[in-house]
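Remember, it's 1-based here, ligands and their atoms both numbered in the order they're listed. Along the sequence shown, residues are numbered consecutively beginning with 1.
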Amino acid sequence: MKELEDKIIQANSLESLEKVRVELFGKKGILAGEFAKMKDVPGPEKRAFAQGLNENKAKLQASFDARYEALKVEEIERVLKSEAIDVSLYGTVAQKGALHPVMETMDKIIDYFVALNFSVESGPMVEDDFHNFEALNLPKYHPARDMQDTFYFKDGGLLRTHTSPVQIRTMLETKPPIRMIAPGTVFRRDFDVTHTPMFHQVEGLVVDEKGKVSFANLKSILTDFLQYMFGDVDVRFRPSFFPFTEPSAEVDISCIFCEGKGCRICSHTGWLEVLGCGIVDPNVFKAVGYEDVSGYAFGLGVERFAMLMHKIPDLRSLFEGDIRLLEQFR
Ligand code: PHE
């Protein structure tokens, strides 16, 4: 009896206690074996024998139940301990995102023109010679093509070097009047502190009946736009050349770093060049079959705007994918 009780007490896990249970109380267990001996006990002693067995069984059952409870509590404590969460530990903090400065600048530019009822158009990044050059008054072998270092495909296709082909596509698809901008990605073989082979432009085009669109309109809208983007700056239009506009101008703002006094960033000129524009060349209208219309167009580099607005010294840093750059713009 003592031996059986020890078995129960020595069981140190629920599993080993279960083994003991089968051994003692099971159908073929020790107790069942004892009860089976009843049939060999002489008649008059049967009663006392059975009573003794039943008492022992009850005692064993009681120690079993007590041991079971104790082990159960131990088990729960063990699980609680192993699954405990230390709420005072540092966790992995989710990184908060931020708009890329190029996207943010692009959005700001788009907002301005959408508020003035310009539509937002788009076109393919893989272009053909006609839309990227020919229709923009840039015939084959024209020296002005050298202004844009082009990535060509073997089949003659190319990565668009500017968003101006979207002007051509939009004019071929719709009738005037047109008031559109075309934000998009463009590509040139260029790589230094102020150039990356992939960058973004926003193109603008306004076309209406002949005489309705003037250089004065262009000048006033771009002046207002640049002051919206850069604050209280002076704006100046400088004669320039683009094959698809005549006359053409490059537009400068007074240097936002030195307020026009002259510094390293404006090469001591007091001015920063920010976009190109002009009156649409008649040859462009001819290429898309437009007659008796006039128009103006402009194009700007979004990275250049972002660089100036955020005082980012190296344009290449915008595309290195270094999270520390974005963290500064949260
Ligand atoms: N497409 C020109 C460029 O990429 C910019 C431009 C657009 C100039 C429209 C004039 C008119 O440099």
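- Heavy-atom proximity to G276, at under 4.0 Å, picks out these atoms of ligand 1: 8 (C), 10 (C).
- A distance-only check finds a donor-acceptor pair linking the side chain of T269 to the backbone of C266 [under 3.5 Å].
- More than 12 heavy atoms of other shown residues, nucleotides or ligands fall within 6.0 angstrom of atom CE in M198.
- Side-chain heavy-atom separations under 4.5 angstrom define the hydrophobic clusters, and the remaining members of the one that includes V87 are I85.
- Cation-pi contact between K108 and Y228: present, with separation from the ring centre below 6.0 Å and deviation from the ring axis of at most 45°.
- Sequence neighbours left out, the pairs with a member in residues 153-201 that pass ring pair (Phe, Tyr, Trp, His ring centres under 6.0 Å) are H162-F244.
- The part of F244 lying near ligand 1 is the side chain, judged by heavy-atom distances below 4.0 Å.
- Ligand 1 has a nitrogen or oxygen under 3.5 angstrom from a nitrogen or oxygen of H162.
- The closest side-chain donor-acceptor pair between S16 and E18, if any, does not fall under 3.5 angstrom.
- Those atoms of ligand 1 with a heavy atom of R188 less than 4.0 angstrom away are 3 (C), 4 (O), 12 (O).
- Listed by number with element, the atoms of ligand 1 under 4.0 Å from a non-hydrogen atom of Q201 are 3 (C), 4 (O).
- Proximity of C277 to ligand 1, defined as any heavy-atom pair under 4.0 Å, is confined to the backbone N, CA, C and O atoms.
- Near S164, meaning under 4.0 Å from any of its heavy atoms, are these atoms of ligand 1: 1 (N), 7 (C).
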